[in-house]
Trainee: 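Have a look at this one.
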Amino acid sequence: MKRNLIASALLSVLSVSLAHAGEKLTVAATPVPHAEILELIKPELAKQGVDLDVKVFTDYVQPNLQVSQKLLDANYFQTKPYLDTFNKDRGTDLVIVQGVHVEPFGGYSSKYKSLKALPDGATIAIPNEGSNSGRALLLLQKAGLLELKDPKNAQATPKDIARNPHGFKFKELEAALLPRVLDQVDLALINTNYALEAKLNPTRDALVIEGSDSPYVNYLVSRPDNQDSASIKKLSAALTSPEVKAFIEQRYSGAVVPAF
């Protein structure tokens, strides 16, 4: 009888502990601002029974591969054009869950104070991935520095430039490396998350920057098999809460803009 009582008590304690632990949700993110925003909502999700585990990545490939392989539950770092290209090229079927914010894309220089100061033949570094290279070239086109064969081509590369009156030379590099080559090029087009990591202030330091109406929203992304799960829905709701909106507006001062 005594052993039965002890066993019953232990089972009760174990049940309470498991219930308190909640459901674990593992989400990949780049460090700034995505991981910072996820860390902000951890306590609220814990109250709702979701144990959020944030895995930080500094590249754009592994977060998608690992979600597709079910090593992670979701990720939060990318735009729809990037996701569409990734799914097509890699044969994955990742899906958009919720738009959270926009990071206006910008051009930076450690040598010049304005676009007008760029000399003919200047070297411009841009991301080497289709959707981001297109984004960079569209921004340069909007600034009047070049013209594309198709002025709306979101997947443009330097081969798609129709007019380059200043003879700019383009260096295509992995997006994460762009802040590191600022002193080696005349202008670098940098994703805002990497600019923020490099202590660049987009609203102050960028020579050219997208407006707040940029269509490049950053999304929470998961798989078809879990996109409607209770924990993903709770995460989605938390990411679009008034608290997150206020945090984005106060912490990033226009370098990151809420999309909800």
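Residues: numbered from 1 along the sequence shown. All values below come from the heavy atoms of this structure, side chains included, with hydrogens, waters and symmetry mates left out.
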Trainee: Distance-only criterion, 3.5 Å: show the donor-acceptor pairs between side-chain atoms of residues 243-260 and protein atoms not counting sequence neighbours.
Mentor:
{"from": "E243", "atom 1": "OE1", "to": "S241", "atom 2": "OG", "distance (Å)": "3.3"}
{"from": "R251", "atom 1": "NE", "to": "E36", "atom 2": "OE1", "distance (Å)": "3.1"}
{"from": "Y252", "atom 1": "OH", "to": "E36", "atom 2": "OE1", "distance (Å)": "2.4"}

Trainee: Using only atom types and a distance under 3.5 Å, with no angle test, would you say the side chain of D89 pairs donor to acceptor with the backbone of F86?
Mentor: no

Trainee: Indicate yes or no: does D84 engage K80 in a salt bridge with an N to O separation below 4.0 Å.
Mentor: yes

Trainee: Rounded at 0.5 Å granularity, tell me how far CG in L94 sits from CD in Q227.
Mentor: 10.5 Å

Trainee: As an exercise, state the distance from CG of L235 to CD of Q48, rounded to the nearest 0.5 Å.
Mentor: 10.0 Å

Trainee: Report all side-chain donor-acceptor pairs from residues 103-114 shorter than 3.5 Å, counting only partners two or more places apart or in another chain.
Mentor:
{"from": "E103", "atom 1": "OE1", "to": "N193", "atom 2": "N", "distance (Å)": "2.9"}
{"from": "E103", "atom 1": "OE2", "to": "H34", "atom 2": "NE2", "distance (Å)": "3.1"}
{"from": "E103", "atom 1": "OE2", "to": "H101", "atom 2": "NE2", "distance (Å)": "2.7"}
{"from": "S109", "atom 1": "OG", "to": "K111", "atom 2": "N", "distance (Å)": "3.1"}
{"from": "S109", "atom 1": "OG", "to": "Y112", "atom 2": "N", "distance (Å)": "3.0"}
{"from": "S109", "atom 1": "OG", "to": "D186", "atom 2": "O", "distance (Å)": "2.7"}
{"from": "S110", "atom 1": "OG", "to": "L182", "atom 2": "O", "distance (Å)": "3.1"}
{"from": "S114", "atom 1": "OG", "to": "A117", "atom 2": "N", "distance (Å)": "3.4"}

Trainee: Counting N and O atoms only, with roles assigned by atom type, does the side chain of S133 sit under 3.5 Å from a partner on the main chain of A156, one being a donor and the other an acceptor?
Mentor: yes

Trainee: When rounded to the nearest 0.5 angstrom, what is the spacing between CG in N132 and CD in E129?
Mentor: 5.0 Å

Trainee: Do the charged groups of R223 and D225 touch, with an N to O distance under 4.0 Å?
Mentor: yes

Trainee: Quick check: is L196 connected to V100 through a chain of hydrophobic side chains (ILVMFWY, heavy atoms under 4.5 Å apart)?
Mentor: yes

Trainee: Any heavy-atom pair between the side chains of E210 and Y216 that's under 4.5 Å?
Mentor: yes

Trainee: Look at the side-chain heavy atoms of Ile, Leu, Val, Met, Phe, Trp and Tyr, link any pair under 4.5 Å apart, and say whether V67 and L65 land in one connected group.
Mentor: no

Trainee: Any chance you could measure S231, atom OG, to L52, atom CG, to the nearest 0.5 Å?
Mentor: 10.0 Å

Trainee: Within the side chain of Y76, is there an N or O that forms a donor-acceptor pair under 3.5 Å with the backbone of T30?
Mentor: no

Trainee: Could you tell me the separation between the CD atom of Q184 and the CG atom of L177, rounded to the nearest 0.5 Å?
Mentor: 10.0 Å

Trainee: Any salt bridge linking D53 with K24? Criterion: basic side-chain nitrogen under 4.0 Å from a carboxylate oxygen.
Mentor: yes

Trainee: Nearest 0.5 Å please: distance from the CG atom of N64 over to the CD atom of Q69.
Mentor: 10.5 Å

Trainee: Would a single hydrophobic cluster contain both Y60 and I126, if residues Ile, Leu, Val, Met, Phe, Trp and Tyr are joined by side-chain heavy-atom contacts under 4.5 Å?
Mentor: no

